[in-house]
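Okay, structure first, notes after.
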Amino acid sequence: MTVRVRFAPSPTGYLHIGAARSALFNWLYARKTGGKFLLRIEDTDLQRSTDESTRSIIEGLEWLGLDYDEELVFQSANAPEHRAAAQRLVDEGTAYRDFTPKEERDDKSVKEGIAKRARAQAAEGVDHRSNPYRDLPKKESDARAAAGEPFAIRLKVPVEGQTRFEDIVYGPQERNYSEIEDLVLLRSDGHPLYNLSVVIDDIEMEITHVIRGQDHLTNTHKQILLYEALGAEVPRFAHLPLILAPNKNKLSKRKHGEVVSLTTYRDRGFVPAAFRNFLALLGWSPPEGKEILSKEELVEYFSLEGIGRANAIFNFQENDPRRWTDDKALWMNAEYIRTMPVQELLPMVKAELRANKLWREEYEDDDREWFTKTVDMIRQRFFTLKDFSAQGRAYFSDDFDFEEAAVNKNLRNEPRLRELLNGLADKLETVEPFNAETSEAALRAFADETGVTAGLLINGARTMLTGTAVGPSMFEIFDILGRETSVERLRSGIPWS
RNA sequence: GUCCCGUUCGUCUAGCGGCCUAGGACACCGCCCUUUCACGGCGGCGACACGGGUUCGAUUCCCGUACGGGACGCCA
C-alpha cells in the first residue's frame, strides 16, 4: 500500500506555524515512506476564504521546501459530490432531514454558546437522539422536502455502541455514541459541512494516513462514523500535540500577533532550513538526539512514533524585541547562518541587500570573491538575514550610523584618539601591500611609537570604520574594506562632531 | 457542564522497570581563548506535579487528586 497523506488548510488568513508544522510532518512522512504528499485547500467557508490566503499557503510551503504531489485540490469544487453523498445517506437511511428552522448564531460568541447549551442540556438531561425529525417516516420527509420546505441533513448516529480507533500518537481511543450528537452534514442552504467534506475528499483522494492537530482528536470519532456510513475504509490517524503560547493558550493571531505567522519568519530574515529544522523539533525528536538536521536527515530519521504527546510551548517574549520569537529558533537560525555553505547563503544575503538598496551587481561579478569573503566574515555573529543590512551596513555602504555608546566608549573617552587615528591613517597609507598582516604590523608599530596600547587604537579604529564597538577582527576589517576606505573613515570627522 | 488528552530543568526534549547520584539542546551564570563582540572549549545553575498502590526495585506500570490543554456549531 502506498502511503498518501495530505495537508488540508483552510485559506482564511496567513499560514499558522502550527499548520506549517502539520504540513512538515505530513511531508516528512510521505517522503520517508516513498508516498505522496497532497495539498487540499479547504475553502468551503466562502465568506472567509481568500485567494490571497491560498497564495500565502502555497508560498509558505515552497519557502519551507515542502513540495506537493499531484494536482492541488480545492474542496469547494467537490461540493456537488458532498451534497450527493449526503442525499445518498438520507436515501439509505443512515442520515435524515432535519426541518428545524436554522438557528442564527453570532459567530463571535459561539464557543461560549456551545458550553452554555451543553451545560443546560446536561442539567435537563437532554439526550442527543431527541431530534423530532430523526424518525420521521421517509415518505413524509420526502414529501416535505418536495414541497420546498428547507431542511438540514444530519447523520443518524446509532443509539448504542462506540467508535474506536488506534491513534498512532495517542494510542487507543474510544467514544460512546451517546456522547456524539447527530451531526449536521448539509446546511439547510445546501452547503456541505466540514466533517462531511473532509471525509469524502479524503476517501476520494485515497488518503491512507491523516496526520493533523490534536484539536481534531475528538472529531475523529464523528468522521469514523461517516466513513462507516459511506462504506469506506477508515484511514490511520496520527494526531499531533498542539503548539501553545507562553501562557499556555492556543496560539492565535488575534492574541499573539505576527509571531504565529510563517511569513513573519521569512520577512524577518530566517533561513528556511533553520526554521524547518526548528519546527520539526517541536513535538518530535530524532532517535540519536542530533538537533541540527538537514532536510535529508529529517526524512531519514522521521517517524510517527517519535512524536510526543504533550503540547509544546512556543517560548517568545512579547515585550522584548530581542526575543520576539523562541530563543531556540533564533539560535538555530544563527547556527545555520554561520555554518551553512557560504555559497548557499549568498543568494539570501543578496536579496536582503537588494531590498535595502545596498546591493551592487559587481558583487556577483568582479567583486564576487570580495563579497563572498565579506559575507563569510561578518556572518559569524549574525542571527538573522536582516543583520546583513543592519549591523552589516558599514561593509556595503559608506552611509552608516555611529552608535552613540560605541563612540563614547571607544573614541570620546580618549580625546587624543582623533589625532592618533589620523596618524594611523597616514601610516596605513604607506603600507605595502595592504592586508590584514601588514596593517596589524603597522598599527602595533604605531602604538609603540606613540606610547599607547594597541587595543586603544584597535577599538577606536573599529568604531571609526564600522560605527560599532563589536565585530570581526580589526585587521580583517582593514583588509576587507581596503586601504582607501579604511584611511578615509579613520580621518572622518563625523563621529567627533 | 460532558467527553477526550496531557504533566521530566525557565523552554524544546531523551527516558519505553534496574544502565538515572535523570542525559542532550536553547536560555542564564562563571572560567579559558581574545583588541571588542561573537564562535569555540571547560564548568555551573536547573526537572521526574502530588498521593496511593503493583514490584526485590519505579521517571518508567495501575488508580486517584491537582493543574493545564482540546473537543462539544446549519465554523473549518
Side-chain angles (χ1 to χ4, degrees), chain A residues 8-10 12 42-45 47-49 75 98 100-105 107 110-111 113-123 128 150-154 167 170-171 173-176 178-181 183-189 191 193-195 197-198 213-222 239 241-242 244 246 248-250 278 281-285 287 289-292 308-316 323 326-332 334-335 338-339 380-382 406 409-410 440 443 453-463 468-475:
Chain A
S10 53
T12 53
E42 307 219 319
D43 58 343
T44 60
D45 187 336
Q47 278 85 33
R48 295 195 298 156
S49 298
Q75 188 163 61
D98 180 357
T100 310
K102 188 185 175 201
E103 194 181 328
E104 290 303 334
R105 275 177 199 279
D107 204 54
V110 264
K111 290 288 176 195
I114 291 163
K116 207 167 155 188
R117 195 183 62 143
R119 266 191 293 276
Q121 284 188 354
H128 285 144
F151 59 87
I153 292 180
R154 306 187 92 113
D167 191 87
Y170 286 94
Q173 304 291 318
E174 52 177 61
R175 195 173 185 198
N176 287 96
S178 62
E179 285 148 16
I180 305 173
E181 195 176 21
L183 58 145
V184 174
L185 269 22
L186 218 58
R187 246 197 258 166
S188 50
D189 61 3
H191 184 83
L193 257 19
Y194 173 71
N195 284 116
S197 299
V198 238
Q214 194 223 55
D215 45 347
H216 287 290
L217 192 59
T218 47
N219 279 335
T220 306
H221 294 281
K222 297 177 184 173
H239 287 88
L242 267 22
L244 270 28
K248 297 194 172 178
N249 281 168
K250 203 172 172 183
F278 171 76
L281 260 23
L282 226 43
W284 172 77
S285 58
K290 191 179 175 194
E291 300 212 317
I292 299 292
R309 280 169 292 276
N311 293 339
I313 292 172
F314 192 63
N315 200 17
F316 60 94
R323 294 188 171 170
D326 196 289
D327 270 338
K328 198 160 179 174
L330 245 16
W331 166 79
M332 192 157 296
E335 181 71 16
R338 65 177 169 256
T339 61
Q380 298 306 328
R381 56 214 83 206
F382 287 172
K409 178 174 169 244
N410 289 340
E440 174 165 10
L443 183 144
T453 63
L456 183 73
L457 297 175
I458 289 168
N459 289 327
R462 175 177 295 108
T463 300
T468 74
V470 303
S473 154
M474 190 57 240
F475 308 110

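Each chain gets a letter, A, B and so on, in the order its sequence line appears, and its residues count up from 1.
- A:T100 comes within 4.0 angstrom of a nucleotide base, judged by non-hydrogen atoms across all strands.
- Using a 4.0 Å heavy-atom cutoff across all strands shown, A:S285 reaches sugar-phosphate atoms only and no base atom.
- Distance check on atom P: B:C61 versus B:G15 gives 12 Å, rounded to whole Å.
- Checked against salt bridge (charged side-chain N to carboxylate O under 4.0 Å, His left out), A:R323 has the following partners two or more places apart in sequence or in another chain: A:D327.
- Contacts of A:A310 with the nucleic acid, taken as non-hydrogen atoms under 4.0 Å apart, involve only primed sugar atoms and P, OP1 or OP2.
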Could you list the protein-to-nucleotides 69-71 of chain B atom pairs, N/O on both sides, closer than 3.5 Å?
{"unit_1": "B:G69", "atom_1": "O2'", "unit_2": "A:N311", "atom_2": "ND2", "d": "2.9"}
{"unit_1": "B:A71", "atom_1": "OP1", "unit_2": "A:K250", "atom_2": "NZ", "d": "3.4"}
{"unit_1": "B:A71", "atom_1": "O4'", "unit_2": "A:T218", "atom_2": "OG1", "d": "3.2"}
{"unit_1": "B:A71", "atom_1": "O2'", "unit_2": "A:T218", "atom_2": "OG1", "d": "2.7"}

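- Shown here are the side chain to side chain donor-acceptor pair (under 3.5 Å) partners of A:R187, two or more places apart in sequence or in another chain: A:D189.
- Taking side-chain N and O atoms only, A:R381 has no distance below 4.0 Å to OP1 or OP2 of B:U36.
- B:G52 sits 29 Å from B:U13 when the C1' atoms are compared, rounded to a whole Å.
- The residue A:F314 sits apart from the nucleic acid: no heavy atom pair falls under 4.0 Å.
- Between A:H191 and B:G73 there is no side-chain N or O to OP1 or OP2 distance below 4.0 Å.
- Nucleotides B:A22 and B:C9 have their P atoms positioned 14 Å apart, rounded to a whole Å.
- The side chain of A:I313 lies closest to B:C12, out of B:C37, B:C26, B:C12.
- Minimum atom distance to the side chain of A:D45 is reached by B:C75, of the listed B:A27, B:C75, B:C74.
- A close approach under 4.0 Å does occur between a side-chain nitrogen or oxygen of A:R154 and OP1 or OP2 of B:C74.
- To the nearest whole angstrom, the two P atoms, one in B:C33 and one in B:G51, are 48 Å apart.
- Taking every side-chain heavy atom of A:K102 into account, B:C74 is the closest of B:C74, B:A76, B:U35.
- A:Y194 comes within 4.0 angstrom of a base, heavy atoms only.
- Remark: A:D98 engages A:R154 in a salt bridge (charged side-chain N to carboxylate O under 4.0 Å, His left out) (not counting sequence neighbours).
- For the P atoms, the distance from B:G43 to B:U55 is 43 Å, rounded to whole Å.
- Rounded to the nearest Å, the gap between the C1' atom of B:G46 and that of B:C19 is 23 Å.
- Nucleotides B:U7 and B:C63, compared at atom P, are 14 Å apart to the nearest Å.
- Relative to the side chain of A:N459, the nucleotides B:A25, B:U36, B:A76 differ in distance, and B:U36 lies closest.
- A:T468 contributes a side-chain N or O that, together with a main-chain N or O of A:V470, makes up a donor-acceptor pair within less than 3.5 Å.
- Residue-level contact check: A:P287 touches neither bases nor backbone, having no heavy atom under 4.0 Å from any strand.
- At a threshold of 4.0 angstrom between heavy atoms, the contacts of A:G471 include nucleobase atoms, whether or not backbone atoms are also involved.
- Residue contacts shown for A:G283 are limited to sugar-phosphate atoms, with no base heavy atom under 4.0 Å away.
- When the nucleotides B:A76, B:U36, B:U13 are ranked by their closest atom to the side chain of A:A312, B:U13 comes out on top.
- Taking A:K290 as the reference, A:E297 meet the side chain to side chain donor-acceptor pair (under 3.5 Å) condition, with sequence neighbours excluded.
- In this structure, the nucleotide among B:G6, B:A76, B:U36 sitting nearest to the side chain of A:R309 is B:G6.
- For A:K328, counting side-chain heavy atoms from C-beta on, the closest listed nucleotide (B:A27, B:U7, B:A25) is B:A25.
- The nucleotide whose nearest atom lies closest to any side-chain atom of A:V470 is, among B:A27, B:C37, B:U35, B:C37.
- Straight-line distance between the C1' atoms of B:C26 and B:G53: roughly 38 Å, to the nearest whole Å.
- Looking only at side-chain heavy atoms (C-beta outward), A:Y194 and A:T44 stay at 4.5 Å or farther from each other.
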Just the atom pairs and distances: protein N or O near nucleotides 39-50 of chain B's N or O, under 3.5 Å.
none

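- Between the side chains of A:T463 and A:N410, a donor-acceptor pair is found at a separation under 3.5 Å.
- Within 4.0 Å (heavy atoms only), A:S473 reaches at least one base atom of the nucleic acid.
- Not counting sequence neighbours, the partners of A:D45 by the salt bridge (charged side-chain N to carboxylate O under 4.0 Å, His left out) test are A:R48.
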* Asked: Taking it one step at a time, do A:F314 and A:L282 satisfy side chain to side chain contact (heavy atoms under 4.5 Å, CB included)?
  -> CA-CA 8 Å; A:F314 192 63; A:L282 226 43; 4.1 Å; yes
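- Contacts of A:R338 classified as side chain to side chain donor-acceptor pair (under 3.5 Å), with partners at least two apart in sequence or in another chain: A:E335.
- Note on A:P241: nothing from the nucleic acid sits closer than 4.0 angstrom, heavy atoms only.
- Judged as a side chain to side chain donor-acceptor pair (under 3.5 Å), and not counting sequence neighbours, A:K222 has no contacts.
- For the pair A:S285 (side chain) and A:L281 (backbone), a donor-acceptor distance under 3.5 Å is absent.
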